[in-house]
Amino acid sequence: GSIGVTNSFLINVDKNAKDGIDYVQLSAGKYKDMMSPDKPITQDEKDLIMRDVSIIYNIFVKSVAENRNLSIDKVKSLADGSTMLGDMALQNGLIDQIGSIYDVQDYISKIIGEKTTFCVGPTEQ
């Protein structure tokens, strides 16, 4: 897994121009269509999007810190968006143990006090 936040979208302005497509903006509110792929993004719009990405990132980091009993500084040091596989996640306190899907099934069965089963898709016959 990884700890980070992304908000990405395509911009088709050059493609639309090449294809002879004109974009007509009809919206109420300066920023209402700020993520439209059919118009260039302004610096003001980038700043607003990044403001929201930062807010969500901080909420995510705080939630991980609280739920894993780690300091916010510790989680921020890990929250660069890169992946972290099992052993490293265990060493950094982000998971409790490493196991198979069957270990998870047993763990959940113990927690809820009932036998659990996997829901699987259709199989070939």
Side-chain angles (χ1 to χ4, degrees):
S2 65
I3 302 169
V5 177
T6 184
N7 188 348
S8 305
F9 56 96
L10 297 174
I11 295 181
N12 295 324
V13 175
D14 293 338
K15 181 181 182 310
N16 289 349
K18 180 181 172 188
D19 293 342
I21 298 171
D22 291 326
Y23 174 72
V24 178
Q25 177 183 358
L26 300 171
S27 60
K30 179 179 177 181
Y31 299 109
K32 188 60 183 169
D33 69 343
M34 73 177 173
M35 292 179 71
S36 169
D38 297 310
K39 69 175 205 61
I41 187 168
T42 68
Q43 188 59 50
D44 283 348
E45 292 168 337
K46 284 181 184 179
D47 292 345
L48 281 173
I49 294 166
M50 281 308 301
R51 176 202 65 191
D52 293 348
V53 166
S54 294
I55 289 169
I56 295 166
Y57 171 84
N58 287 322
I59 291 168
F60 188 11
V61 166
K62 182 180 179 201
S63 179
V64 171
E66 288 173 354
N67 287 287
R68 298 304 309 166
N69 295 314
L70 299 169
S71 72
I72 288 177
D73 288 339
K74 168 73 173 176
V75 176
K76 279 189 176 182
S77 75
L78 303 171
D80 63 4
S82 64
T83 57
M84 187 175 299
L85 301 179
D87 287 336
M88 188 180 287
L90 185 62
Q91 291 168 8
N92 284 290
L94 296 175
I95 61 174
D96 295 325
Q97 63 187 33
I98 296 173
S100 70
I101 191 73
Y102 302 105
D103 295 326
V104 172
Q105 187 177 25
D106 291 342
Y107 175 78
I108 292 172
S109 293
K110 288 176 187 167
I111 296 252
I112 66 173
E114 295 180 21
K115 182 174 174 17
T116 58
T117 58
F118 293 124
C119 296
V120 295
T123 58
E124 293 183 35
Q125 296 184 7

For Ser2 and Ser82 the tightest heavy-atom approach is CB-O, 3.0 Å
Identify the residue among Asn12, Asp33, Asn16 that makes a side-chain hydrogen bond (donor to acceptor under 3.5 Å, both in side chains) with Tyr23.
Asp33
With a sphere of 6.0 Å drawn around OH of Tyr107, does it hold more than 12 non-hydrogen atoms of other residues, nucleotides or ligands?
no
Which distance, rounded to the nearest 0.5 Å, do you find between the CG of Asp22 and the CG of Asp19?
11.5 Å
Group every Ile, Leu, Val, Met, Phe, Trp and Tyr by side-chain heavy-atom contacts under 4.5 Å, then state whether Ile59 and Ile72 land in the same group.
no
Flag yes if Ile112 and Phe118 sit in one hydrophobic cluster, no otherwise; membership is Ile, Leu, Val, Met, Phe, Trp, Tyr, and two members link when side-chain heavy atoms are under 4.5 Å apart.
no
Of all residues at least two apart in sequence or in a different chain, which pass the side chain to side chain donor-acceptor pair (under 3.5 Å) check with Ser54?
none
Looking only at non-hydrogen atoms, find the nearest pair between Ser27 and Gln25 and report the distance.
OG-NE2, 3.5 Å
Kindly compute the distance separating CG (Asp106) from NZ (Lys115), expressed to the nearest 0.5 Å.
8.5 Å
Side chain Ser109, main chain Gln105, donor-acceptor under 3.5 Å
yes
Please answer: with hydrophobic residues joined when any side-chain heavy atoms are less than 4.5 Å apart, are Ile56 and Phe9 in the same cluster?
yes
Run Ile41 and Ile49 through side chain to side chain contact (heavy atoms under 4.5 Å, CB included) and show every step you take.
CA-CA 10 Å; Ile41 187 168; Ile49 294 166; 3.6 Å; yes
Going from CG on Asp38 to CG on Leu10, what distance comes out if it is rounded to the nearest 0.5 angstrom?
10.0 Å
Between side-chain atoms of residues 93-102 and protein atoms elsewhere (two or more places apart, or another chain), which donor-acceptor pairs fall under 3.5 Å?
| residue | atom | partner | partner atom | Å |
| --- | --- | --- | --- | --- |
| Asp96 | OD1 | Arg68 | NH1 | 3.4 |
| Asp96 | OD1 | Arg68 | NH2 | 2.7 |
| Ser100 | OG | Tyr102 | N | 3.2 |
| Ser100 | OG | Asp103 | N | 3.2 |
| Ser100 | OG | Asp103 | OD2 | 3.4 |

Please confirm whether the backbone N or O of Asp44 pairs with a side-chain atom of Tyr31, one donor and one acceptor, at under 3.5 Å?
no
Quick check: do Lys74 and Val61 have side-chain heavy atoms less than 4.5 Å from each other?
no
Does some side-chain heavy atom of Met50 sit less than 4.5 Å from a side-chain heavy atom of Tyr57?
no
Pairwise distance NZ(Lys76) to CG(Asn58) - rounded to 0.5 angstrom
4.5 Å
Would you compute the distance between atom CE of Met34 and atom CG of Leu48 and round it to the nearest 0.5 angstrom?
5.0 Å
Do Met88 and Leu85 land in one hydrophobic cluster if side-chain heavy atoms of ILVMFWY residues count as linked below 4.5 Å?
no
Rounding to 0.5 Å, atoms CD1 (Ile3) and OG (Ser63) come to a distance of 10.0 Å
Other residues, nucleotides, ligands: >12 heavy atoms within 6.0 Å of Asp47 CG
yes
Same cluster or not: Leu90 versus Leu70, using hydrophobic residues (I, L, V, M, F, W, Y) connected whenever any side-chain heavy atoms lie under 4.5 Å apart?
no
